[in-house]
Amino acid sequence: MSPDRTPPGRRFPRWVYDVGTEPDARFSLANERTFLAWARTGLALLAGGVALEALALPVEPGLRLAAAVVLVVLGTLAPAVAWWGWVSTERAMRRGDPLPAPVGFVLLVAGVGVAGVLVLVGLLRA
Amino acid sequence: MTAPAGLAAERTALAWRRTALGLVAGSVAAGRLLAETWGASAWAVTAAGTTLAVVLLRAARRRRTGVHGRAAATLDAAEGTVRRDPGGRLVAACAAALLLLGCCALVVVVTWPR
């Protein structure tokens, strides 16, 4: 059975599609793009964290590892945040509720800030 | 006057492609970096990432041509009451794959020889 034949009641996840009514397709597509933007952000965070360690940059090793771990943990949380955002936005749109407040912005900004400070201090101390 | 829904579907397809490209670039870079420590077996990372990207691309294209293409056409016909959206399966699969990738990256970073 091709996916476009999926009857409305059987779409995954049920706890998203069983509520409310169908929103404008354009809004669902925009929600999907927001998810993908988060996914790419996560990929970039992972790349940054791995590169920090793997390229043996001239940063004090302890601080470098700490910064790398912060970036990689953020990059690992990003897809979870992305999924949660997609789900809660889709549900809100189906119900006609106001959109939920963005999740994860504070975490992302704080984490990237902390990693930046760690690298900066590590560079000065190296 | 609103933008045609076809453009939204197009933008979404492009976003999927961009994400898949990022995944390929990331996995090639990871393979190259890890090869210095792990030897040739590191290229398995590249193979896995590229395979995942191809799977995402194919699934996203099926969505666009089959599903969103149709939904867009319906909307453009100014009705758009019946829509056959496959839902969040691909979204969930993408998130799960990236979560797994993140866990692998965490192991790599913590166990990196120094």
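- In summary, of the residues considered (A:Val112, A:Leu74, A:Leu108), a side-chain contact (heavy atoms from CB on, under 4.5 Å) with A:Thr41 occurs for A:Leu108 alone.
- Ion pairing between A:Arg11 and A:Glu22 holds under the 4.0 Å rule for side-chain N and carboxylate O.
- Not one N or O on the side chain of A:Arg91 forms a donor-acceptor pair closer than 3.5 Å with the backbone of A:Asp97.
- At distances below 3.5 Å, not a single donor-acceptor pair connects side-chain atoms of A:Arg64 with backbone N or O atoms of A:Gly122.
- At least one donor-acceptor pair closer than 3.5 Å links the side chain of B:Ser41 to the backbone N or O of B:Trp38.
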Please step through side-chain contact (heavy atoms from CB on, under 4.5 Å) for the pair B:Arg18 and B:Leu21, ending with a clear verdict. CA-CA 5 Å; B:Arg18 220 153 48 223; B:Leu21 261 180; 5.6 Å; no
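- Looking at A:Ala82, there are no atoms closer than 4.5 Å to chain B (heavy atoms on both sides), in backbone or side chain.
- In terms of non-hydrogen atom pairs under 4.5 Å with chain A, the most contact-rich of B:Val91, B:Leu100, B:Leu98 is B:Val91.
- Options A:Gly75, A:Ala54, A:Ala68 differ in how many heavy-atom pairs under 4.5 Å they form with chain B, and the most are formed by A:Ala54.
- By the 6.0 Å contact criterion, CH2 on A:Trp84 is open, its count of non-hydrogen atoms from other residues, nucleotides or ligands being 12 or less.
- Neither the backbone nor the side chain of B:Ala29 comes within contact range of chain A; no heavy atoms are under 4.5 Å apart.
- When heavy atoms are compared at a cutoff of 4.5 Å, A:Val16 does not approach chain B at all.
- When heavy atoms are compared at a cutoff of 4.5 Å, B:Leu33 approaches chain A solely by way of its side chain, counted from C-beta outward.
- For the set A:Val87, A:Leu36, A:Thr21, A:Val73, the count of heavy-atom pairs under 4.5 angstrom toward chain B peaks at A:Leu36.
- Of the listed residues (B:Leu90, B:Val110, B:Leu23, B:Val108), the greatest number of heavy-atom pairs within a distance under 4.5 Å of chain A belongs to B:Leu23.
- Heavy atoms of B:Leu101 lying under 4.5 Å from chain A belong to its backbone as well as its side chain.
- Interface residue A:Leu43: only side-chain heavy atoms are found under 4.5 Å from chain B.
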